[in-house]
Amino acid sequence: MRFETAATINPIDQLKVVGKPADRIDGPLKTTGTARYAYEHHEGVSNPAYGYVIGSAIAKGRIAGMDLAAAKSAPGVRAIVTADNAGKLGKGDRNTAKLLGGPDIEHYHQAIALVVADTFEQARAAAELVRVDYVRTDGAFDLAAVKDIAKPRAVFGGPADTAVGDFADAFAAAPVQLDANYTTPDQAHAMMEPHASIAAWNGDKLTLWTSNQMIAWGVGEVAKTLDIPKENVRLISPFIGGGFGSKLFVRSDALLAALGARATGRPVKVALPRPFVFNNTTHRPATIQRIRIGAARDGKISAIGHEEWSGNLPGGRPEGAVAQTRLLYAGANRMTATRLAELNLPEGNAMRAPGEASGMMALEIAVDEMAERLGMDPIEFRIINDTQVDPEKPERPFSQRRLTECLRTGAERFGWNKRNPQPGRVRDGRWLVGIGVAAAFRNNLLTKSAARVRLDNNGVVTVETDMTDIGTGSYTIIAQTAAEMMGVPMEKVVVRLGDSTFPVSSGSGGQWGGNNSTAGVYAACVKLREAVAQKLGFNSAEAEFADGEVRSGNRRVPLAQAAGDSGLGAEDGIEYGDVDKKYQQSTFGAHFVEVGVDVATAEMRVRRMLAVCAAGRILNPKTARSQVIGAMTMGVGAALMEELVVDERAGFFVNHDLAGYEVPVHADIPHQDMIFLDETDPMSSPMKAKGVAELGICGVAAAVANAVYNATGVRVRDYPITLDKLLEEMPDVG
Amino acid sequence: MKSPSDFELSRRKLLAGSAASIALTAAPSIVNAQVPAVEAAVADVSAVWKVSFTVNGAARGLTLDPRTTLLDALREHLHLTGTKKGCDHGQCGACTVIVGGRRINSCMTLAVMHEGERITTVEGLGTPENMHPMQAAFVKHDGYQCGYCTPGQICSAVAVLDEIKAGIPSHVSADLNAPPQLSNAELRERMSGNICRCGAYSNIAEAISEVAGRPA
Amino acid sequence: MRSFTYERARTPAEAAASAMRKPDAKFIAGGTNLLDLMKLEIETPAHLIDVNGLALDKIEPTQEGGLRIGALVRNTDLAADARVRRDYGVLSRALLSGASGQLRNMATTAGNLLQRTRCPYFYDTNQSCNKRKPGSGCAAIGGFSRQHAVIGVSEACIATHPSDMAVAMRALDATVETVRPDGATRTIPIAEFYRLPGDTPHIETTLMPGELITAVTLPKPVGGKQIYRKVRDRASYAFALVSVAAIVQRDGTGRVALGGVAHKPWRVEAAEAQMPRGAKAVAAQLLADAKPTRENSFKLALAERTLGAVLAEAKG
């Protein structure tokens, strides 16, 4: 099905099932420990061996020699895979660094060997017996040091440089100006399930039970790396213990499990040890950002400029932090610039809202600072600079844009009018209290997605698509979609996901999964409805599917009967024309945060949080709300604690475990409030839905930062905002 | 959910039906296999150990490399994979199980250290068809997303309510000498050893509060 | 994790004797730090002596009116003991501020005292660390040192001791009871239990090889307001940047020990004379010889400010 023009009324608009806060259909499995994750597929995997990965001890250089003798003769060891003996390997297009390194080393903890043994304990012990001699070469590890030699680089389809009007002149002429630098650190996904795979070969066919957000990408990458036909690779990933971008691409666990299984003739299980994940896999790259805003005294922005510097391995991409600045606020004179330097740190890549998450961390502090300079309320400043059209191309409207309503609704719900605009004035016992706001913005991406549906003689509808559920609720919203389309209760829908033998879906990433994957199921269901109608001799345009029946005129036939013993099936997908070219599709929101800052120690604790989001039709308010509050939680981490600390001498992330890389715990997160504006976006798909999972993180950290400023009067522009950055400017406590 | 629960369930039953034999025969080939296995006797020294404990009410016997953690014994030897390995270093809480009525990190203890003990995992609390009230509350309040930390959260939550009942204070208890309250702050502090990167904390607190019988 | 032999000891003396007999033996109780380190081969015992079966899990009154805490008393039980909560509140508070509920259910009194530093370079066997590999150098010096020690440091090591419990015990003047492999017992005042890193940061306590902690004794209660204030980035389940254990009497006199600033719980008795004069005066003396790094110099101001908050709280 091609989606070319605005959606009209369709069966989804009945909203009998879609739009309801249904419990997750996979909930009983997840809460009872019966949902199977990658490392847990014991059925069908007999007598597996265990692989333990060895990582490079240096960041850059080469392996001069490896002594495997002691490890080979250790108890239980069956094989040791290295680049020397793995055979010729290709490199997937989506990975920057090789998944199996050697002799050249591209980054710290790059995998260089897999030890396979009968037990996990044996493999782990033997891995420590491998002796590696390295020749270390100098690398670049400090972004600030290489910033000035960074080069222009395009990212995410946008050019390296954008310019509208005359930014320089307009900024120089602006009566009120802001010119400030901000930094965001390297961040880790830190999903709870480490990368894990089980590989089993049957002749020349490989099955990988793995933890992967994008099944079809993964098949292609594995096939290319092993130089085997795609048809010979099967990926199975029904449950994924968190991704956030870390599992968009196959990682060393999958490749090495496959190689280990080939070397031993047995299924091989590989999970990346947690202390290894941080440097072996990918991370959100650090940025340095310069933001300049010029405005008239009435608050109207006349010039806005955003420049970004980030670093990555040769061949890597920039973070893309300037993207939202092209779209979020009005202003006749605009510029952005994206600069990329080569760094020899581990591979930077996508993490939840790549680009916007980092960009909004900076931009929304800048906006708060600018409002203060103008003596304006930060909400009013944002509203006065709202735009309903793409500021670079005024002929191109937003499909929906309700930023102002998000801000106003949130302000009322949060009690914004009680905020003291003078910082450092509100005290509650030992706490200085402040509140802050930030806009939320993330683009909505359209991408094709397919599904297969089958109706059986029990009236059960089975949906199969290689879509993944990374905690997003895909199982549930797909069941809701199919139930709505076929007129059956959710209990009559079976959803099967995450298997490369199923039709190729959008996969999970870029907050595109919800809208696109359900639109694909919608398309398949439309086809199934036609098949049912045709079989019964109904006019498919008039046939009504409800209550487990199909009706036309005064005829009504139970679906089970219509399916008959052989059942009925259909397969189709959604594909998009140029609606996203004609209309800018984005999602909007507003984040409100209240923090307390301990007057003596400068410890910061979030006391209240609210998000208001406008993101098209909300397919399931329960799971969508969870996506947003989860993103808000990650935003608190970004604001207050998360930083992969670079050792600029040795070139690695030092705090590479979950004790060193702190993410929020229960005690850090208060009750969270969340409102969805009632919205449908007919330009997004027949579902009229958009993404929410990444919108939820964009702006949160800045709202926290602005609240900290409001509480203390201390403006921190370098994330994370830790107490040591406040301490010197905190009031004397005697 | 019809699928994958349908086919998952049939597999699961299969597993459960043959669990005892798996427990006894699926022990991996062991280091120094020439060293004879010895009974788990006091003060005996051996490279291979037999250990017996009760898991979810059933007696289980395993012959193990003594390096095997309780977590790996559950997951790799008993195929009770509900208990998760998130960090293997006591830094996340995904491996939380209840041993002798107390929650612990099963990754930070050796299986052989639990001779004769009673172990409860998330599978022992309830099943998809017959969920424990805490499991049902997590579903109702959407107290999870990816589900990977969830078994640990649930085991922890069940134990937390017992700890409060037993009068064990916490870091946020205002008065050390008064019975601890069932407040939101108490729940959040006590649950802080269970990291949820999906950020379901607010919902988890509501789920636990409901089971505890108080509004969040 | 290297292969090891394993035994379950029946008596403390037998455990200590076995530790002497077996080269590279280690006692294991809670396991929450030892197994962590064994998985990374930072600790590589060839023999593990499981001491969980020893009858050292009681908290009993002493003849002097104090408490004798068995080495195997779990952190949860110690923190929850009614006598500890009433008479040694600083200890209960310190314990409850540490780790997580699960870990406190496993971790023992002796194990908590003996936990090793959380320096990330100690934890990464690719990096130089004099504590892990004597003579290899200290990567933390000149590296990521935000969490590290600011006082009592050496050229060889700037690691901190991570325990909260030990800081409270230092303020309470606890003593450590041990049994040696020859069966002899001794008591070590906690002030003499920990060593500064000096040239031998790998030797962290004054215990002798094979010596087993059997108990920690608290002197009779000293009353006063007892406060443990732990400062950290995350609200829970994190190690201290700085912590203050304080016992403050009505007249403003008392005791103060700091955590998170040194290779051991940091207490300077002479500085306590300044307590009635306030935090600045105490901190000036307590941290007089501080040698912070660029990254952790904030700990000096933080310690002083936290101490100020604690003294203010004690005043009520």
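Proteins get letters first, then strands, A, B, ... in listed order; numbering begins at 1 in each. Fair warning: this is a prediction, and the values are worked out from it, not measured in the lab.
Using a 4.5 Å cut-off between heavy atoms, B:D72 contacts chain A through its side chain alone, with no backbone atom that close. Within the 4.5 angstrom heavy-atom criterion, no atom of A:N47 approaches chain B. With a threshold of 4.5 angstrom between heavy atoms, A:I669 approaches chain B through its backbone and through its side chain. The part of A:M191 that comes within reach of chain B is its backbone (N, CA, C, O), which places non-hydrogen atoms under 4.5 angstrom from that chain. The contact between A:Y661 and chain B is made entirely by side chain atoms (from C-beta outward), counting heavy-atom distances below 4.5 Å. Interface residue A:T32: backbone and side-chain heavy atoms are both found under 4.5 Å from chain B. No part of A:A49 comes within reach of chain B, as not one of its non-hydrogen atoms sits under 4.5 angstrom from that chain. Residue contact with chain B, scored on non-hydrogen atoms closer than 4.5 Å, involves the backbone and the side chain of A:I629 alike. Contacts between A:T472 and chain B at a heavy-atom distance below 4.5 Å are absent for every atom of the residue.
Results of the side chain to side chain donor-acceptor pair (under 3.5 Å) test with B:E123 over B:T120, B:T127, B:T121 single out B:T121 as the only residue that passes.
Remark: B:L80 CG to B:L74 CG distance equals 6.0 Å, nearest 0.5 Å. Note that the CE atom of B:M191 and the CD atom of B:E186 stand 13.5 Å from one another [nearest 0.5 Å].
With chain A as the partner, the residue from B:S192, B:G126, B:G147 showing the most heavy-atom pairs under 4.5 Å is B:S192. Note on B:I154, B:T68, B:L125: by heavy-atom pairs under 4.5 Å with chain A, the leading option is B:T68. Contact count versus chain B (heavy atoms, under 4.5 Å) is highest, among A:K269, A:M609, A:E40, A:H189, for A:E40. Contact count versus chain B (heavy atoms, under 4.5 Å) is highest, among A:A196, A:P275, A:G242, A:P194, for A:P194. Between chain B and the residues A:G33, A:G243, A:G471, the largest count of heavy-atom pairs under 4.5 Å involves A:G471. Interface summary for chain A: among B:G199, B:A185, B:C146, B:G82, the most heavy-atom pairs under 4.5 angstrom belong to B:C146.
Contact check on A:D118 versus A:R78 returns a salt bridge, with a Lys/Arg side-chain nitrogen under 4.0 Å from an Asp/Glu carboxylate oxygen. At a threshold of 4.0 Å, the pair B:K85-A:E193 does not count as salt-bridged, since none of the basic side-chain nitrogens sits closer than that to a carboxylate oxygen. Salt-bridge formation is not detected for the pair A:K622/B:E206: no Lys NZ or Arg NE/NH1/NH2 atom is positioned less than 4.0 Å from an Asp or Glu carboxylate oxygen. One finds a salt bridge joining A:R496 and A:E464 here, because a Lys/Arg side-chain nitrogen approaches an Asp/Glu carboxylate oxygen to under 4.0 Å.
One side chain, B:Q153 or A:H666, offers a donor N or O that lies under 3.5 Å from an acceptor on the other. Defined by atom type and a distance below 3.5 Å, a donor-acceptor pair is missing between the side-chain atoms of A:N620 and A:R24.
Checked by atom type and distance alone, the side chain of B:T109 never pairs as donor or acceptor with a backbone atom of B:S106 at under 3.5 Å.
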